[in-house]
Amino acid sequence: MENKGRSIDKSSEETFDFICTTCDGNGKIVEAVRYCIECSGYCCQSCTDIHKTFPVLKDHNLLDASQGNQASNQPTSLPEFPTERCYLHKGKVVDMYCEKHDEVCCCTCIATLHKSCPEKSVMSIPDMINALFKLRDCKQIQSRVRDMMVSMETLGKSKDDKIKALKDVKNKEIEKALKFQKALESIIRNAGEATRNEIESKYKELEKEILQEKQDADGNKASLKESDDKLKKSEGNRAQRFVCTKIAEKKMNETDRQISKQKVRSNDDRQLAFTPNQSLLNYLNGLQHIGMIGVNTKKKTDLYKIKGSKDINMKVKGDSKTCYSFGCCLTFDNQLVVTDYSNNKLKLIDTNTMKVTNYCKLDSGPVCVCCINDHEVVVSCEDNKIQFVSYGNKMTPTRQIKTSHYCCGITTKDDKLYVTDSDSSLYIYDMSGNLLNTVSQDNDGNKLYSGSRHITFSENGDKMYVSDTDNGVVCFDDVGNYQSTFTDNDLIHSDGICVDGRGNIFVVGCWSHNVVQFNEDGEKIGVVIKQQDGLQYPRSVCFHQELNRLFVTLDGSDVLKMFELY
């Protein structure tokens, strides 16, 4: 009978300290001489030779079998040796750490990319693993990874919903375009028919004139024939012949006049002629679309509601005072930048993990902030200064603009800086710091502000809104002409302001401890967030349009609030 159990290469009585994992899986008991880290198993001499033969296995780390730990032929505790391969040098194991760059890499990376790093900052991971590995850090990173995975899943689902909604809108817009095309075709068709009718009308008019002339000619011919016949018959009667002659002369004169008239008409060479509308043809030839094609954001006309909220701790190492954040904004990649006035810091927060990932120290207290481009923000500072800050791998203050007034709210549009003074004026500068205009009065010379604060523009940029502590919100057109002022009893001491990109404005009530929603015409929609939702002296606000998240900073607090809305 065939033996389907294990076969033993050596004596069945023989026992081994370590058994080859691969052979054991194939029903053979063979002594192991090596342990492969990448394979997570023991190897006999044959399997070891195979590792040395095949290119894909050549770079595996083979340790002495005693360095592995086997229980019941399965390793339960692996050697402290990395198995990850370097993405730059595919055959190398990531077993080195550069403390200066806080980066793991292979030995080739160390020799080429980190050769200028201090020797003491370069370590062998297996040799220094006890000093390098911190379980708490690993668990924190793992927790952040999982949080980010949840955020990405939520974002992905929202994108699926948007694609479905976008497809529905696309089909509707195509139907509108087809309807408009048919309307244009109908207009062209009707215009063509009217042109053909006009040609027919002109033809009949000319035909009628010609037929009348022919009829007159036929009548004259008949009358002349009659005179000719009478002249023939009057021979021998001189009196009758005289009368017929005079009558014939009169008819001939009348016929001459009619012939002369017809000659004049025939000389004008009147013909039917259709002249195409060349301007219309040129216009249509240059026409690429039958309408304007753009991307509009669906308007939201009802009040936002809170789905959930989260506190974000913005305190970092070295903060000696409680954080005071008067301003915040989102970068082009939707990271949150907040000012910390009391600690003279500007901080960058990852909106997925809700953690501070970067910060920089400034010369003076930052008040408000806005994003200029994908690598730079601009900050208003307490010492009459506008500070530019780059926020790449490291946040770094760069150039400054010195002003003659206090700098509070700040925003940009069309390479211009708009800055309030927390008092009675709005200043407009170019990016070099040249003052272009000062806005402090309406068209009738009345004072506009009592405490000008934050600034924002409508989604399409045709309106500018300035919050004012006493007057609510002052509205301008895109060139700075005053339009209106709006407020509400629910809004006390207006401060932070932002738009949602869907036709709404969020305005912070610092003393009413709330956020009030208006539409772009200044009509109140309602109170979105109230004091009982966790607001205590809110100061600034910004809105994440992709995830419907509203961020609110608080006066004298180490935390800022994130509200998920729907």
Side-chain angles (χ1 to χ4, degrees), residues 87 101-104 134-163 165 297 304-317 319 323 325 327-340 345-360 369-377 389-396 496 498-502 506 515 528-529 533-535 538 540-554 557-566:
Y87 76 96
H101 293 96
D102 190 22
E103 182 179 33
V104 292
K134 296 178 182 178
L135 181 60
R136 185 176 62 181
D137 290 348
C138 180
K139 289 182 176 179
Q140 287 177 349
I141 292 295
Q142 191 173 19
S143 176
R144 288 176 60 189
V145 167
R146 289 171 179 171
D147 288 344
M148 190 173 293
M149 286 170 60
V150 172
S151 296
M152 291 303 100
E153 183 179 2
T154 302
L155 183 60
K157 288 179 180 178
S158 71
K159 297 302 180 184
D160 289 338
D161 293 340
K162 285 189 176 183
I163 288 174
T297 304
Y304 280 96
K305 296 178 182 178
I306 300 174
K307 183 192 297 184
S309 64
K310 185 179 180 66
D311 288 349
I312 302 174
N313 189 344
M314 58 182 289
K315 199 168 186 69
V316 298
K317 184 179 180 180
D319 287 350
C323 301
S325 180
C328 64
C329 75
L330 286 166
T331 64
F332 282 37
D333 57 351
N334 285 321
Q335 299 305 296
L336 183 66
V337 183
V338 294
T339 61
D340 183 354
K345 289 178 182 176
L346 191 67
K347 300 176 179 179
L348 185 69
I349 297 174
D350 188 317
T351 53
N352 292 310
T353 63
M354 307 297 175
K355 304 288 186 182
V356 178
T357 59
N358 210 339
Y359 66 89
C360 69
V369 59
C370 75
C371 188
I372 301 176
N373 49 49
D374 61 0
H375 64 275
E376 191 175 31
V377 296
V389 177
S390 66
Y391 63 92
N393 294 329
K394 183 179 180 181
M395 297 189 81
T396 307
C498 72
V499 296
D500 70 341
R502 302 181 182 99
F506 296 113
V515 177
V528 185
I529 304 171
D533 297 317
L535 291 192
S540 68
V541 64
C542 63
F543 186 71
H544 191 314
Q545 296 183 20
E546 295 292 331
L547 299 178
N548 279 359
R549 289 176 175 175
L550 192 70
F551 297 91
V552 187
T553 66
L554 309 176
S557 175
D558 289 332
V559 303
L560 61 90
K561 306 287 290 188
M562 185 280 291
F563 295 92
E564 289 194 63
L565 306 180
Y566 68 96

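Just so you know, these numbers use all the heavy atoms, side chains as well, and skip hydrogens, waters and symmetry mates.
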Original post:
Does the side chain of Tyr304 pick up a donor-acceptor pair with the side chain of Asp500 at under 3.5 Å?
Top reply: yes

Subject >> Within 6.0 Å of NZ in Lys162, more than 12 heavy atoms from elsewhere >> reply: yes

**OP:** Mind listing the closest non-hydrogen atom pair of Cys498 and Leu550 along with its distance?
**Re:** SG-CD1, 4.3 Å

Original post:
Atom CG in Asn358, atom CD1 in Ile349: separation rounded to 0.5 Å?
Top reply: 11.5 Å

Original post:
Under 6.0 Å from the CE atom of Met149, do we count more than 12 heavy atoms belonging to anything else shown?
Top reply: no

**OP:** Nearest 0.5 Å please: distance from the OG atom of Ser540 over to the CG atom of Leu554.
**Re:** 8.5 Å

Subject >> Side-chain touch Val389/Cys360, heavy atoms, less than 4.5 angstrom >> reply: yes

**OP:** Determine yes or no for a side-chain-to-main-chain donor-acceptor pair under 3.5 angstrom, with Lys347 supplying the side chain and Met314 the backbone.
**Re:** yes

**OP:** Would you check if Leu346 and Val377 make a side-chain contact, meaning some heavy-atom pair closer than 4.5 Å?
**Re:** yes

Original post:
Do Thr154 and Ser151 touch side chain to side chain, with heavy atoms closer than 4.5 Å?
Top reply: no

Original post:
Looking only at heavy atoms, what is the nearest atom pair of Asn373 and Tyr391, with distance?
Top reply: O-OH, 3.1 Å

**OP:** To the nearest 0.5 angstrom, please state how far the CZ atom of Phe332 sits from the CD atom of Glu376.
**Re:** 10.5 Å

Subject >> Candidates Thr339, Val338, Val337 - the one meeting side-chain contact (heavy atoms from CB on, under 4.5 Å) with Cys329 >> reply: Val337

Subject >> Atom of Val552, atom of Val515 and distance for their closest heavy-atom approach >> reply: CG2-CG2, 4.4 Å

Original post:
Under the side chain to side chain donor-acceptor pair (under 3.5 Å) test, which residues partner Thr331, sequence neighbours left out?
Top reply: Asp333

Original post:
What residues form a salt bridge (charged side-chain N to carboxylate O under 4.0 Å, His left out) with Lys159, not counting sequence neighbours?
Top reply: Glu546

**OP:** Over all heavy atoms of both residues, which pair between His544 and Phe551 is shortest? Give the atoms and the distance, please.
**Re:** CB-CE1, 4.0 Å

Original post:
With side chains defined as the heavy atoms from C-beta onward, is the minimum distance between Asp319 and Tyr359 less than 4.5 Å?
Top reply: no

Original post:
Under 3.5 Å, is there a donor-acceptor pair between the side chain of Thr353 and the main chain of Arg144?
Top reply: no

Original post:
Does Ser143 use its side chain to pair, donor to acceptor, with the backbone of Lys139 at less than 3.5 Å?
Top reply: no

**OP:** Hey, could you give me the CG/CD1 distance between Asp533 and Ile306, rounded to the nearest 0.5 Å?
**Re:** 3.5 Å

Subject >> Ion pair check, Lys355 and Asp147, cut-off under 4.0 Å >> reply: no

**OP:** Examine distances only and state if a side-chain atom of Thr553 and a backbone atom of Ser325 form a donor-acceptor pair shorter than 3.5 Å.
**Re:** yes

Subject >> 4.5 Å side-chain heavy-atom contact, Leu560 and Leu336 >> reply: yes

Original post:
Got a donor-acceptor contact below 3.5 angstrom from the Asp558 side chain to the Cys323 backbone?
Top reply: yes

Subject >> Spatial distance of atom CZ (Arg549) from atom CZ (Phe543) [nearest 0.5 Å] >> reply: 11.0 Å

**OP:** Check whether any side-chain heavy atom of Gln335 sits under 4.5 Å from a side-chain heavy atom of Thr351, and report yes or no.
**Re:** yes

Original post:
Out of curiosity, Met354 CE to Lys310 NZ, how far, rounded to the nearest 0.5 Å?
Top reply: 7.0 Å

